[in-house]
Structure formats: structure tokens, C-alpha cells
Number of protein chains: 2
Amino acid sequence: MVAGPTSTGPGKERLRLWIRLLRASRTIEAELRERLKKEFDTTLPRFDVMAALYRSPEGMLMSDLSRFLLVSNGNVTGIVDRLVSEGLVTRARRNGDRRTSMVRLTEEGTKAFARIAAVHEGWVGELLGGVSEEEAKRLTGMLKSFRSNWEGRE
Amino acid sequence: MVAGPTSTGPGKERLRLWIRLLRASRTIEAELRERLKKEFDTTLPRFDVMAALYRSPEGMLMSDLSRFLLVSNGNVTGIVDRLVSEGLVTRARRNGDRRTSMVRLTEEGTKAFARIAAVHEGWVGELLGGVSEEEAKRLTGMLKSFRSNWEGRE
DNA sequence: TTATAAAACTTTAAGCTTGAAATAATTGCA
DNA sequence: TGCAATTATTTCAAGCTTAAAGTTTTATAA
């Protein structure tokens, strides 16, 4: 997936774009993962879950997290398990629907996330430093709509 | 990593861009992974390795693959192991330097990859259909240089 | 009411991924 | 030469990831 196009033709430019996109996100992701590990002894998936919860103080269902983070249900189960065992989030059974549980950041989790997020934002600014603020806006706009063509077709 | 910015300020636009970038690549990657599995009973990592080897008929060292694909050495070992057991690649010990081995696609592997790559290119064209050829060129250009700021600094 | 289906979640097996430690071969240099 | 450092690769433990199967609870509807 990170290799170059194997042919020429109409789809070539989009294939090139996809390869660039993937290399860029893998490179940045690898750097962020390494720094999160070294500086805060945590992982990207844990950070992702905490970031989602930070935006929802009222809590999120497991299925909300799964949908929002674009990962499978079983995946979320494992990550939340570990966050619970670290005292950073809680899983509270609900009275209304006993199949579901509400996941929330603990006070400790909230503090920990806020501390990490501030540094994290600085890292992203650094790693994307080659892109001007203006370009960043344009790129963001282009990426916003790319899915419309195919998602939800089935 | 796929959640929104938690603050406002100078780095905000780049953080937004990073989140879009990541969501875009994760969405496309998930779709491609699913199709590769369903249509060809293979995986994205196997496809990546085969794509790299397809471009190098003379073969690649394990460390070449690792560097090129942006993944760890140990990772490549496992993927190549599986490809070898499926008869799609070979690992040949070298006379010159007996620490290394040259990895090559077998004839079967070459045929299999060519078949998959053609369909894959069509998928990417479809999934990125919302981006015009012109935009694709511009985006590719912007992504090409983003690393220059920080890589190789240590 | 009571089967049946649907929904929310967990478990499982297989594979991917990393960083660190272990192995083996080569290189450099005293 | 001989031995320390380097290089290429594999092994390992832990965690991430998915798809599929399983469990429990809720909703539907005959």
C-alpha cells in the first residue's frame, strides 16, 4: 500500500495521492506513537479513546466509541479494559438498558489527558510544520468531502 | 487520534488537518482491507510487501523492505514467512553476505500480484473519486514535502 | 404471552505491530 | 591475527486489530 503505481492510465494520479496520503499518515503516526510511549508511557489507541471521552463528559457507549473511532467493537473492549485497570476510565452499567454501559474518564483520566493533549497538539504542529496554515485549511477542506462518492452505498 | 482539537490557538488548523488526514486514510484503508480479504483472501500487509517486490524483480533484502514500507524488521519477518509458506515469495541466502537473504516474488506471486494490483487501482480510483485529477495532483504535491521540517533531525 | 429477532457487548482465533533482546555474520582496527 | 563493534535478521512479549461466534438483554409481533 505504500508502494508506487504499477501502471499508467486514468487512475494513476489518484493512486499516487493515496500512496502519499498513506505514507504521510504512517510517518506521523509512527512518530506520535513513539513520543507518546517515551514521554507519557501510553499508546495511540488509548489516547484516541481518551480524546473521544474528553469531548463527551456525559460519557459514551462502547458502540459510540467504536463508531466514532472507526474501529471494531471487540477492539474497543480491550482498550477500555486496559484503561479501566489503569484507573483512567470507568464503565458504569446503566439502569435503563442493561446491555449497555456508559464509559467515562475518571478525574485522574481527565487530568492525564489534558496534560498529554496539550503536548500532543504541539507535536502535530511541529510535524506538520511544512504545511502553512493556509494550505492546512485548503487540504482539510479537500479531505472533508472525499467520502461522499462511495460511503453508504450498500 | 481521530478526535477533534481540544483547544483553540495557533496549532489548531494543523491539528484539524491531521485528524482529517488520519480519518481519510483509516477509512480508505479499512475498505481496501475488507475488499482484499473478500475478493482475494489476502491482507493489506501482504499486498504491501508484494507491491514492493513487484517493483524490484532483482529482489530486496529484509531491511530494504522494512525501510521502504515504514515498518519494523520483526514485522517484515512474519509477513514474509507467511508469503513464503503460501508459495508467493522466496527467501534466498546470499553467498556474498550470509547474514542477509534476498526476497523475491515467485512466478505465481508475480501473477497473483498483477491480477490484484489491477483491481486495486480501480478501487482506489473509486474511493478517491470525490477528488478530481487536478486536485489529486495538488494534494500529492503538498504531501510530498511535509516531512522536510523534522525528519533526520536526530 | 411467548417465541423470535434484533441490539449491545464480549470472547476468540488469527494475524499485524512494535521495541527490545538474542543470534549470527561481517567489518574495522590495534 | 584476534577481538570489539557493527550490521542483518529473528525471536519474543505485549498490545492492537479484525471478523466471526457467543452471551445477555431488549424489542417485536403473532
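All chains are named by letter (A, B, ...) in the order of the sequence lines, taking the proteins before the strands, and each is independently numbered beginning at 1.
- If you chain together hydrophobic residues whose side chains sit under 4.5 Å apart, A:Leu61 and A:Leu105 never meet in one group.
- Within a 6.0 Å radius of CD in B:Glu58, more than 12 heavy atoms belonging to other residues, nucleotides or ligands are found.
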Scan nucleotides 24-28 of chain D against the protein and return all N/O pairs shorter than 3.5 Å with their distances rounded to 0.1 Å.
from   : atom 1 : to      : atom 2 : distance (Å)
D:dT26 : OP1    : A:Arg98 : N      : 2.9

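- At a threshold of 4.0 angstrom between heavy atoms, the contacts of B:Arg93 with the nucleic acid are absent.
- Atom NZ of B:Lys37 is separated from atom C1' of C:dA13 by 12 Å (rounded to the nearest Å).
- Per the geometry, CD belonging to A:Glu34 stands 13 Å off C1' belonging to C:dA20, to the nearest Å.
- The separation between B:Leu44 atom CG and C:dT17 atom C1' is 14 Å, rounded to whole Å.
- At distances below 3.5 Å, not a single donor-acceptor pair connects side-chain atoms of B:Ser56 with backbone N or O atoms of B:Leu53.
- Within residues 56-65 of chain A, the residues having any heavy atom under 4.0 Å from DNA chain C are, by residue number, A:Leu61, A:Met62, A:Ser63.
- When the nearest nucleotides of DNA chain C are assigned to B:Gly74 and A:Gly78 by heavy-atom distance, the more 5′-ward of the two goes with A:Gly78.
- Separating the CG atom of B:Asn73 from the P atom of C:dT18 is a distance of 10 Å, rounded to the nearest angstrom.
- Atom pair A:Leu69:CG and D:dT17:P shows a separation of 10 Å (rounding to whole Å applied).
- A:Arg67 comes within 4.0 angstrom of no nucleic acid atom, judged by non-hydrogen atoms across all strands.
- Side-chain atoms of B:Leu143 and B:Leu21, non-hydrogen and from C-beta on, do get closer than 4.5 Å to each other.
- Rounded to whole Å, the distance from CZ on B:Arg33 to C1' on C:dA14 is 14 Å.
- Side-chain N/O atoms of A:Thr140 and B:Arg20 include no donor and acceptor closer than 3.5 Å.
- Considering only side-chain N and O atoms, A:Arg26 lies nowhere under 4.0 angstrom from the phosphate OP1 or OP2 of C:dT18.
- Within the 4.0 angstrom heavy-atom criterion, only backbone atoms of the sugar-phosphate kind lie near A:Thr100; the bases stay farther away.
- Ion pairing between A:Arg138 and A:Glu134 fails under the 4.0 Å rule for side-chain N and carboxylate O.
- If you measure from atom CD1 of B:Ile79 to atom C1' of D:dT17, you get 14 Å, rounded to the nearest angstrom.
- As a whole-Å value, the separation of B:Arg46 CZ from D:dT18 C1' is 13 Å.
- For the pair B:Leu15/A:His120, a side-chain contact is recorded, criterion being any heavy-atom separation below 4.5 Å from C-beta on.
- Residues A:Thr43 and B:Ser101 each lie close to DNA chain D; by heavy-atom proximity, the contact nearer the 5' end of the strand is made by B:Ser101.
- Annotation for B:Thr27 and B:Arg23: closest pair OG1-O, 2.6 Å, computed over non-hydrogen atoms.
- Counting only N and O atoms by type, the side chains of A:Ser101 and A:Arg91 include no donor and acceptor under 3.5 Å apart.
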